[in-house]
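Shown next, in structure tokens, is the structure this report addresses.
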Amino acid sequence: MTGQANKLVNSAHSLRVLVVEDNFLIAEMISDLLRECGCAVIGPAPSLKAALELVNKERPEAALLDINLSGTLSYPLASALEGCGIPFIFLSGSHDGPMLPPEFRAVRKLPKPFDRKDIEDILECWKRLLAL
């Protein structure tokens, strides 16, 4: 585990991160990585409907969103998260990825596969943002 990941694990507060991913193996890999970094994982949610239900029920503090959920784009979920002030990033398996709508062009997009360091950096930014 890197030094940065150790800082996250040693934090007094576990960041509650929603994982929205329709591929079971990728969702499990992301969830395991988040847990190793000391996060509490919400989900994973394989669909837009399941993700929206988890947002309302579990109140995540941050989220990792696959853009394309079996043909359904996750933009309505991104709007809901934004409305609640919950930070998120998009994950995309396609190198070009779908064209992001103007309101989401400033949101960070992480291509799959990604490095563990990318996730650790994002978690550290979220922790600072949320002052955890």
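Source: prediction; values computed, not measured.
Between the SG atom in C37 and the CZ atom in R116 there is a gap of 4.5 Å [rounded to 0.5 Å]. In this structure, CG on N23 lies 11.0 Å from CG on L69, to the nearest 0.5 angstrom. Between E82 atom CD and F104 atom CZ the span is 5.0 Å, to the nearest 0.5 Å. Here CG of D118 is found 9.5 Å from CD of E120. Values are rounded to the nearest 0.5 Å. Between the OG atom of S92 and the CG atom of L110 there is a distance of 9.5 Å, given to the nearest 0.5 Å. With rounding to the nearest 0.5 angstrom, the OG atom of S47 is 9.5 Å from the CG atom of D22.
With a 4.5 Å cut-off on side-chain heavy atoms, W126 and L15 count as touching. I26 places a side-chain heavy atom less than 4.5 Å from the side chain of K112. Side chains of K57 and L52 form no contact here, defined as non-hydrogen atoms less than 4.5 Å apart. L33 places a side-chain heavy atom less than 4.5 Å from the side chain of F114. Under the 4.5 Å side-chain criterion, counting only non-hydrogen atoms from C-beta, I67 is not in contact with L91. The closest side-chain heavy-atom distance from L100 to Y75 is below 4.5 Å. Side-chain contact between P44 and E28: present, with at least one pair of heavy atoms (C-beta onward) separated by less than 4.5 Å. Side-chain contact between E53 and E58 is absent, with no heavy-atom pair separated by less than 4.5 Å.
Of all non-hydrogen atoms in V19 and S31, the two that sit nearest each other are CG2-OG, 4.1 Å.
V17 pairs in a side chain to side chain contact (heavy atoms under 4.5 Å, CB included) with only one of the listed residues (I122, I42, L123, I86), which is L123. Exactly one residue among L48, L54, T72 makes a side chain to side chain contact (heavy atoms under 4.5 Å, CB included) with L77. That residue is L48.
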Test R59 against C84 for side chain to side chain contact (heavy atoms under 4.5 Å, CB included), laying out the working first. CA-CA 9 Å; R59 302 300 299 169; C84 295; 3.7 Å; yes

Decide yes or no on side chain to side chain contact (heavy atoms under 4.5 Å, CB included) for V20 and L64, but give the supporting numbers first. CA-CA 6 Å; V20 182; L64 298 172; over 6 Å; no

Assess whether side chain to side chain contact (heavy atoms under 4.5 Å, CB included) is satisfied between I30 and I119, documenting all intermediate values. CA-CA 9 Å; I30 293 168; I119 295 296; 5.6 Å; no

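Salt-bridge formation is not detected for the pair K127/E61: no Lys NZ or Arg NE/NH1/NH2 atom is positioned less than 4.0 Å from an Asp or Glu carboxylate oxygen.
For S74 (side chain) and L65 (main-chain N/O), no donor-acceptor pair under 3.5 Å exists by modelled atom type.
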